[in-house]
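The next block holds one structure in the form of structure tokens; read it before the comments.
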Amino acid sequence: MSRYVIKRLLLTVVILWCAGFVVFTLTYLVPGDVAKILLGPEATEDVLVIKRAALGLDQPYLVQLGRFMYNTFIRFDFGDSWVFSSSVMAELLERIPRTLIIGLSGMIINVSIGTILGIIAATHEGKWQDSFVMVIAMVFVSAPDFFVALLLILLFSLKLGWLPAYGIDSWTGYILPIISSSLGAIAVNARQSRSSMLEVIRADFVTTARAKGQKESVITRKHMLPNAMMPIITGVGGGLAVMIAGSPVIESVFSIPGVGAYLLSGVNQHDYPVVWACVIFLALFTSFAILIMDLCYAFLDPRIKAQYSRGKKVKG
Amino acid sequence: MSTNKEVFLSVKNLEVSYSQARREVRAVNGVSFDVQKGKTLGLVGETGAGKTTIAKAILRILPDPPAKVKSGEIFLGGEDLLKKKEEDMLDVRGKKIAMIFQDPMTALNPLMTVGDQILEVLLLHNDYDKAAGMREAGRMLETVGIPAERYAEYPHQFSGGMKQRVVIAMALACNPELLLADEPTTALDVTIQAQVPELINDLKMKFGTSMILITHDLGVIAQTCDDVAVIYAGKIVESGTKEDVFDHPAHPYTLGLFGSLPDIDSRTSRLSPIAGMPPDPTNLPEGCSFHPRCPHATDACRKGQITSREITPGHFCACIREGGN
């Protein structure tokens, strides 16, 4: 098992290299003179040459790539922002917790509420509880998160005045972003939980448990849910990755200085070190999320654990 | 044949149907039988004849919807199980009546160790603490021929025959008074098939359990049963002791079943199978359900209800032909 984890961690390093290579090359290929964009249309050619030399943009592609990879993966330094001349790493580290608070609490809410709603729907298949949950889920699956965010701001900030509409001056500022970024994921998870519960609800081993005289509530918890968990974990893990990767939208709506907003400003201002740093963070986070997901599979299912120990299967 | 013996379980006029896309699938149509204490009743019939439905109806573990017990009574020790409250049924299941399922590959929870699955039923019906329960579960594994050290292994680490042994151990764990064995050998390969009835017989003797054995295999019936009931389209067409039914089969369907078996002594070059297919349970034929396939069918068979007659004491046959064969 530990060999499997080490193998996966090494694989993560490779994934990060690839992500770094791709994002650097893409920004390199973006048309336009970065020095001109940074300094404005009035800059003279002399100043532009000095700027290009300062940013290393006058070097050939391979030299630039090599320096980027060396700085990023050996020295763990993304350099200074081209716009603000402040350390990107320091800024990123300051912003990561804010994004993680939203993403992780969204996931916890998602696991608890979404899964329970799905279980209720499945165990009451065809009854009103089922239809109710599924209709609500359908609404939130189809509503875009920024739209939900705006409606929530209208109601709770402008009409009722309970919660701030933007900023994170106090913890209450996190409530609306968390809700609006997780509602969609909750809806997706409720639908996923319902369908995977329905798959096991008629399974033979459930009938076996009934024949033992086990109570229905215990059967749901002990026999059905663990067997329905795999697709739910996949959905929740994927949902978390999507939530983090989708943070630019929610962080813009609520003016939260997180990684997503940082990435967005980096893209807008051609501040490429910021873009590189944010993309590599997202790749790292997603790799870890998937690794944890795979470890959860092994924890739940002895068959998968056996596969990992034999080292026959590597899931990416 | 069974007059002076103690009736343990008595099923009277059981009717079960499944609703399927607004159509009614009539799976069990008025089945009555008794099981004597310590005896084994074999329910034999084709796939889809309603055998498993009868067993699940006794335990009341039919999925509802779509299944519905429409009428009937199931007496166990003077109490009608169909009238019991669901909470009270929890004490019957696994304790008084246990079931061995058809397919050991799917009957076990893949995420629980086999020992814990046996432990589960033990803890439900006994006052063991966990350690004592685990010892007892280990002992049950030994009883069915699995070393107790394999307690903590998962179902995927066992072969099909071993899994069936686990299922049997689970069913017998609480010393049930009645065992429902639903095709316990069907899913196993032939080399293992012979062992399971032997194992069940041994355990039955040891624990003095009554049993209903569901099978389509007449060989298994011959090996294990005292009484036999032949089921066709959700009805018992012939019943009696094993000797009655095997030596003097009366109903044309029973005769057909025996005709489909290869006989080592006779020199026939072809078997004589039953012509045609079992009837569609959403649209059962009028009169005797077997008449479309029966070589002796008359106009009377196509109309009125055929009632069961006692042709010799204890040997019943639902056919209007005099004396059967």
Side-chain angles (χ1 to χ4, degrees), chain A residues 1 121-131 196-234 294-310 312-313, chain B residues 52 55-56 58-63 65-67 86-114 116-126 152-157 163 166-167 170-171 173-174 176 179-180 182 187:
Chain A
M1 200 64 199
T123 48
H124 296 83
E125 192 195 359
K127 304 203 181 105
W128 69 265
Q129 295 94 329
D130 184 21
S131 319
S196 56
M197 279 296 282
L198 284 179
E199 261 171 51
V200 297
I201 223 162
R202 300 242 186 283
D204 283 353
F205 59 81
V206 171
T207 313
T208 306
R210 281 201 192 101
K212 288 179 184 174
Q214 186 59 276
K215 279 201 290 285
E216 204 60 30
S217 58
V218 181
I219 293 176
T220 307
R221 206 178 62 233
K222 252 177 88 177
H223 293 280
M224 290 186 202
L225 190 56
N227 278 284
M229 248 356 247
M230 300 285 155
I232 298 178
I233 292 175
T234 312
D294 284 349
L295 293 180
C296 284
Y297 294 153
F299 176 72
L300 263 172
D301 192 331
R303 291 164 295 187
I304 294 178
K305 192 171 185 174
Q307 270 173 355
Y308 288 176
S309 309
R310 280 202 303 273
K312 272 190 182 162
K313 193 170 168 188
Chain B
T52 305
K56 288 189 174 169
I58 293 173
L59 266 182
R60 283 189 28 200
I61 51 172
L62 282 166
E86 174 64 22
E87 304 101 88
D88 298 331
M89 275 311 286
L90 295 181
D91 297 327
V92 174
R93 295 183 195 131
K95 169 86 182 139
K96 285 190 171 160
I97 308 179
M99 184 154 173
I100 297 174
F101 289 92
Q102 182 169 357
D103 187 355
M105 305 300 164
T106 56
L108 295 171
N109 184 343
L111 307 185
M112 264 171 102
T113 65
V114 295
D116 281 347
Q117 300 194 44
I118 300 174
L119 178 69
E120 183 181 19
V121 68
L122 283 168
L123 293 184
L124 277 171
H125 302 293
N126 296 288
E153 290 186 22
Y154 289 91
H156 73 272
Q157 289 162 293
K163 273 187 240 187
V166 174
V167 172
M170 218 155 67
C174 292
L179 194 58
L180 307 172
D182 182 8

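Everything numeric in this text was worked out from a predicted model, so none of it was measured.
In terms of heavy atoms, Gly213(A) sits closest to His125(B) at CA-NE2, 4.3 Å.
A search for salt bridge (charged side-chain N to carboxylate O under 4.0 Å, His left out) contacts involving Asp301(A) returns Arg303(A), not counting sequence neighbours.
With a 4.5 Å cut-off on non-hydrogen atoms, Met105(B) does not touch chain A at all. With a threshold of 4.5 angstrom between heavy atoms, Leu111(B) approaches chain A through its backbone and through its side chain. Neither the backbone nor the side chain of Met89(B) comes within less than 4.5 Å of any heavy atom of chain A. Using a 4.5 Å cut-off between heavy atoms, Pro176(B) makes no contact with chain A at all. Residue contact with chain B, scored on non-hydrogen atoms closer than 4.5 Å, is absent for Ala203(A).
Taking the side chain as every heavy atom from C-beta outward, Thr207(A) and Phe101(B) approach each other to under 4.5 Å.
Taking Val121(B), Val92(B), Thr106(B), Ile97(B) one by one and counting their heavy-atom pairs under 4.5 Å with chain A, the maximum is reached by Thr106(B). Chosen from Ile61(B), Thr113(B), Leu90(B), Leu59(B), the residue pairing most often with chain A at heavy-atom distances under 4.5 Å is Leu90(B). For the set Gln157(B), His156(B), Glu87(B), the count of heavy-atom pairs under 4.5 angstrom toward chain A peaks at His156(B).
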Going through the distances and angles, do Glu216(A) and Glu86(B) end up as a side-chain contact (heavy atoms from CB on, under 4.5 Å)?
CA-CA 10 Å; Glu216(A) 204 60 30; Glu86(B) 174 64 22; 5.5 Å; no
